[in-house]
Amino acid sequence: MFEAFVEAATHIASVDAIVAIIVGTCIGLVFGALPGLGGCVALAIMIPVSYGMESMSAMLLFAAIMGAVPFGGSISSILINTPGTPQNAATCFDGFPMTQRGEGNKALAISATASGLGAIFGLLVLFSVMPIMRRVVLFFGAAEIFMLILFGLVTVAVASRGNLIKGLVAGGAGILLSLIGYSGLFGVLRFTYGSEYLWDGFMIVPLFIGVFAISELLVLTTKGGTVAREEIAARGSVVEGIKTVFRYPVTFFRSSALGTLIGIIPGTGGSVANFLSYTATIQTSKHPQTFGTGDPEGVVAAEAANNAKDGGALIPAVSLGIPGNPETAVLLGAFILHGLTPGPMLIREHLDIVWALFFGLLIANILASGIGLMLANKLLKLCYINVYYIIPIVAVLCFIGAYAVRGSIWDVALAAIFGLFGYGMKRTGYPIVCLVIGFVLGKMAETSFYHAVLTAYGSYTVFLVKPISATLLILLIMVILLPFVMGRLTTRRGKR
Amino acid sequence: MPYSPGGGFDREARWIAAHLPSLLPKKVTMIVENNPGAGGRTGITKIYKSKPDGYTLGTLGFPALLVTQLLEAAEYDPMKFVYLGDRGPNPFCLAVTADSPYNSLEDLQKADKELRIGVVGVGGTDWFVSKVAIAELKIPAVFIGGYSGASGVTTATLRGELDIHIRVVSSLTPFFESGDFKPIFMINTERNEAIPDTPTTMELGYERISKLYSRRPIIAPPGTHKEITDILENALQTIWQDKEYIKWAETNNEIVKPISGKEMMNEIINTQETIEKYREILK
């Protein structure tokens, strides 16, 4: 094992490798920041370019792209309330209000630091479980996954913050939206009305672009002015931002752990890590009402998780050839093109490639965060430009992003329609985060539930029989009852 | 390219895109455009409706897209495409986990419970081959669908949530090497080089299903002129017979036995007849 490590480490010192990492980081940052493009598109474009490259340099390039995207995406989340990629959605909730207060550069610094450190956490986990990687991946079966997803759905209530009814309605709507399309489970088409476009259901990227980005552009259009209120001079500081991350160690570690875990579970992507970690932080906080108003802790939670997931996602990819999220799926395709066969033999035959990915992710994250910290103050100036200049440029970029998913103009139309829908939600107080949670988790919940039951030959007790699943269920019930229990305790104390 | 980046179709297409231009008379660059959706139908329809000027090529999943077209009305007619050839067959193999109590076809047939088998969804090649094989071989089975891709089914099988797994042998080979899975039989007429001790359905006496394998033929839109397609066909054969390509294919345990466009067309016709026979099973 050690020779592979050394082999990879010495290769990194070569010019090819350094160029690959730098180029990959820049591409990742740009594609991440431009709403809708993201890691998959960047990787797909770079695959043919990588043809002539040596395998290790190509892997460094891809890992660098993957590593820089999550932070890149947070830039647009924080500055224009538009997630650069779905895995940066929750970062908008507290990142953007900070920008409006003139603290955008501080928020960027928090994101850069949390992202970089979160990624390191994820990679440390990858490193430490290397000998037992496969067991870790196979640990979670359908029943356990369903429990985790249920946890996620329950956080809809938390995320609705006061407007419980509206939150549940939004969440329910999200779940319904996720079920549209072909269901492999039942072999039927649902709610497609004969449309071939709806066969696959709504794609997450155009939906997110619509509901977050376009709706925000509509809000800005009606408001006018500048993104950050002019009267408030830029007053955040980058150094303050860096220090802030260290003020919330519990949040940071919990978010990173959650992010890594979600990365390990195949099928759940960065967006799940991002908002699950965010809502978990709200739930366990002593002051839940400050979230959504620009609480720095929210940014820490969101950004640590979505970077940590990359280290986690490499675990199933490298140990079994199973993609943990869409980006790793494209990465595995790139492997094959370079003559590397993904699967359980990869780590035995090409451990040096695994190290290359490790280093690529590590260095790219540090580099991307460094670039972010250096540019934070300059990027903040963008927010003082009149929105009438920003809106058309961002709108065009958004629609390009929506189109880039699969070359369909209908996706662009979808983004527009959901933009109007999202605007309506913002005006009437229905929380978008609940819709999004329902949408991302809805179909997954249904599939994992049925898989758990069907593979147990129809027995519903499977959730109680399997130890991890049962534990999660008990935790879930405790979490739901917690507010009631706390409420009763405080009233009793109050009466005394 | 009716499939998303990263999969088997995608990498074949990308290899061709990288090597084809140098074999063509005019100077061109070739790009791969991924149009996934509707199980491949979106992309196929796009190729079907493209201009037959020789600048657009495509690939399709055989026999999946035939099955879909026969079972439900589709906007394309597979017989109208111009077939430029295919690299070789991708035969399927039935595998079980290493610690499974089943070691032969007989064991499976005598199983005292319904064996759980996973598929992605109705209409896919894995579903088609699995359904037909299970029915012909009279293995007691229950199908569980909705998995995210073939790798999703493999993961569930590794976890012990599924009992039997039918997948193209090239994707299963790494798991045989690592000792996670053991092969029970090949759905083919010949044994596979990577697993020479594994019997074939042909040997076991089931000739009818032994020719059910998947292919990834290269196609051109209907109406493309013969002069153009001849050039393309020859270029493709050159690529597939190239030593470098064969070496690359072998690392993935892919069989390289190129056939011409005409031969591909014949296979399509034959398979359509076969599928008709299985209509009842496939409902």
Problem - Plane angle bin for B/Trp15 and B/Trp248 - parallel if under 30°, tilted between 30 and 60°, otherwise perpendicular - result: parallel

Exercise for the section: Select, from B/Gly160, B/Gly121, B/Gly179, the one with the greatest count of heavy-atom pairs under 4.5 Å involving chain A. Expected result: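 Result: the option with the highest number of such pairs is B/Gly121.
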
Handout entry: Contact leader toward chain A among B/Thr251, B/Ile144, B/Val120, B/Val119, where contacts are heavy-atom pairs under 4.5 Å
Key =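 Going by pairs under 4.5 Å, I would pick B/Ile144.
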
Chain A heavy atoms under 4.5 Å from [X]: which part of the residue, side chain, backbone, both or neither?
X        : answer
B/Phe143 : neither
B/Asn253 : neither
B/Thr155 : both

Problem - chain A contact residues among residues 168-177 of chain B, heavy-atom distance under 4.5 Å - result: B/Pro174, B/Phe175, B/Glu177

Handout entry: No-hydrogen, no-angle side-chain donor-acceptor test under 3.5 Å, A/Thr341 and A/His350
Key = no

Handout entry: Distance-only polar pair, side chains of A/Asp411 and A/Tyr197, donor-acceptor under 3.5 Å
Key = yes

Problem - Part of A/Pro326 lying under 4.5 Å from any heavy atom of chain B - result: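 Contact with chain B: none, neither part.
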
Would you mind reporting whether [Y] and [X] have side-chain heavy atoms less than 4.5 Å apart?
X        : Y        : answer
A/Ile315 : A/Val137 : yes
A/Phe439 : A/Leu207 : yes
B/Ile117 : B/Ser130 : yes
A/Met46  : A/Leu43  : no

Problem - Top contributor to chain B interface from A/Arg134, A/Met345, A/His451 [non-hydrogen pairs under 4.5 Å] - result: A/His451

Exercise for the section: Taking the six-membered ring for Trp and the single ring otherwise, decide whether the centroids of B/Tyr245 and B/His19 are under 6.0 Å apart. Expected result: no

Fill in the blank from the handout: For A/Ala452, the side-chain contact (heavy atoms from CB on, under 4.5 Å) test, sequence neighbours excluded, returns A/Ala142, A/Ala143, A/Val462, A/Phe463

